[in-house]
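Bear in mind that the values here come from a model prediction, so they are computed numbers and not experimental data.
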Amino acid sequence: MKRVTLYAALTFLFLLVSCSSPRFQNSATPTASSPLVSSPLDGQWKGTGQTADGREFTLNLTVQGGELSAILYSFNGSDGLRCTSIEYGQIDLDARPVISNNQLTAVLDEDLTLSAVFEENSKVSGHLTVHWHDRQPRCNGDYEIEWSAVKQAVQNSQTIPIENPNKPNALENFLQIMVFGLSNGAVLALNAIGVTLIYGTVRTLNLAHGDVFALTTALVTSIVN
C-alpha cells in the first residue's frame with residue numbers, strides 16, 4: 001500500500017509541475033492611426049426628411065476630416081416594411097465629397113444626389129434625390145426629399161478607464177493551475193492505482209486498463225474539439 005501511495009504522489013507532483021507553466025498570448029498594443037485633418041463639422045449627423053407626398057425618410061450622415069464619409073437612409077416601402085440603403089455606408093477615400101464654405105454637393109452615383117447647407121456647426125439641411133430601382137420592388141421609386149439633421153453629441157471616452165484584458169492575474173492563474181493540476185493528477189493517479197492493485201494482487205500486468213484510459217482520453221478530446 002505504501003508503494004501505491006508513493007506512485008500516486010510522484011504522479012501528482014509530476015503533473016503539477018508540468019502544468020505550472022502558463023502560456024499567455026502576446027497581443028499587439030493597438031496604435032492610433034494618424035487622424036485626418038479635423039473640422040468643426042466632423043461627427044455624426046442624424047435627421048429626418050419628407051417627400052412631397054408625405055413619405056418620411058431617416059438619414060444618418062458621417063463627416064470626417066471635412067468630407068462626407070458615409071450616408072445611410074431608410075424609409076417605409078409599399079408594404080410598410082423598412083427599406084434601408086447601405087451602399088454608401090462607407091465611401092471610398094478618393095470619392096468622398098468635400099464640404100466647402102459650409103456647403104456640400106455630392107453625386108455619389110446615378111441613384112443618389114445630395115445637397116446640404118450647414119447653417120451652424122450643429123444644424124444642417126438640404127435636398128436628397130433617390131432613384132431606387134432594380135432592387136426590392138416594394139422600395140422602388142424616385143424620391144425627392146427635403147431633410148434636416150442635427151449633430152450628435154460626442155461621448156467623452158476618456159472618462160472611462162480602459163483596462164488591458166490580457167493583463168495576467170497572479171492569483172487567478174495560480175488557482176487555475178492548481179485546479180488543472182489536481183484534476184489531471186487525480187485522473188492519472190486513479191489509473192495508476194488501478195494498474196498497481198491488479199499487478200500486486202494477481203502479478204499480471206493488465207494492459208487493458210491503460211488502453212481504456214487512452215481510448216477515453218482520445219474520445220473526450222475529439223468530442224470537445
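- Side chain of Asp42 to backbone of Ser39: a donor-acceptor contact under 3.5 angstrom is found.
- Between Ser183 and Phe180 the shortest heavy-atom distance is OG-O, 3.0 Å.
- Side-chain atoms of Asp79 come within 3.5 Å of backbone atoms of Leu81 as a donor-acceptor pair (strictly under, hydrogens ignored).
- Considering only heavy atoms from C-beta on, Val124 stays 4.5 Å or farther from Val117 through its side chain.
- Ring pair Tyr88/Tyr73: centre-to-centre distance not below 6.0 Å.
- Residues Ile99 and Val63 form a side-chain contact, since some pair of their non-hydrogen atoms from C-beta on lies under 4.5 Å apart.
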Could you walk me through whether Lys123 and Ser148 pass the side chain to side chain contact (heavy atoms under 4.5 Å, CB included) test, one step at a time?
-> CA-CA 8 Å; Lys123 294 182 180 180; Ser148 62; over 6 Å; no
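- Checking Asn76 against Arg55 by side-chain atom types alone, no donor-acceptor pair falls below 3.5 Å.
- Expressed to the nearest 0.5 Å, how far CZ of Arg96 lies from CD1 of Ile71 amounts to 13.5 Å.
- Between the side chain of Asn169 and the main chain of Glu172, a donor-acceptor pair closer than 3.5 Å is present.
- Side-chain contact annotation: Asn140 with His133, donor-acceptor N/O pair under 3.5 Å absent.
- No side-chain heavy atom of Thr62 sits under 4.5 Å from any side-chain heavy atom of Leu68.
- Within the 4.5 Å cutoff, the side chain of Leu108 has no heavy atoms near those of the Thr113 side chain.
- Between Glu67 and Ser69, the side chains place no donor N or O within less than 3.5 Å of an acceptor N or O (distance only, hydrogens not considered).
- Heavy atoms from other residues, nucleotides or ligands lying under 6.0 Å from CD of Glu87 number more than 12.
- Without hydrogens or angle criteria, Asn101 side chain to Gln103 main chain gives no donor-acceptor distance under 3.5 Å.
- A side-chain donor from one of Ser125 and Glu119 sits under 3.5 Å from a side-chain acceptor of the other.
- A 4.5 Å side-chain heavy-atom check between Asp142 and Val130 finds every atom pair outside the cut-off.
- Between the CD1 atom in Ile86 and the CG atom in Leu72 there is a gap of 8.0 Å [rounded to 0.5 Å].
- Note that CG of Asn206 and CG of Leu197 are 11.5 Å apart. Values are rounded to the nearest 0.5 Å.
- One finds the NZ atom of Lys151 at 6.5 Å from the CG atom of Leu41 (value rounded to the nearest 0.5 Å).
- The same ILVMFWY cluster, assembled from side-chain heavy atoms under 4.5 Å apart, contains both Leu171 and Leu182.
- Rounding to the nearest 0.5 Å places CG of Leu112 at 8.0 Å from OG1 of Thr129.
- Summarising the geometry of Ser85 relative to Trp132, their closest heavy-atom pair is CB-CZ3, 3.8 Å, with the distance given to 0.1 Å.
- Contact detail for Arg138 and Arg82: the closest heavy-atom pair is NH2-O, 3.4 Å.
- Counting heavy atoms from C-beta outward, Gln152 and Val150 have side chains that approach closer than 4.5 Å.
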Steps toward side chain to side chain contact (heavy atoms under 4.5 Å, CB included) verdict (Trp147, Phe57) = CA-CA 8 Å; Trp147 61 274; Phe57 277 67; over 6 Å; no
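- The side-chain heavy atoms of Ile198 and Thr204, taken from C-beta on, include no pair separated by under 4.5 Å.
- The environment of Asp211 atom CG is dense: over 12 non-hydrogen atoms of other residues, nucleotides or ligands sit within 6.0 angstrom.
- Remark: Glu144 CD to Asp53 CG distance equals 11.0 Å, nearest 0.5 Å.
- Atom CG of Leu175 is surrounded by more than 12 heavy atoms from other residues, nucleotides or ligands within 6.0 Å.
- Residues Thr84 and Phe75 form no side-chain contact, since every pair of their non-hydrogen atoms from C-beta on lies 4.5 Å or further apart.
- Scanning all heavy atoms of the two residues, the minimum distance from Gly89 to Ala70 falls at O-CB, 3.1 Å.
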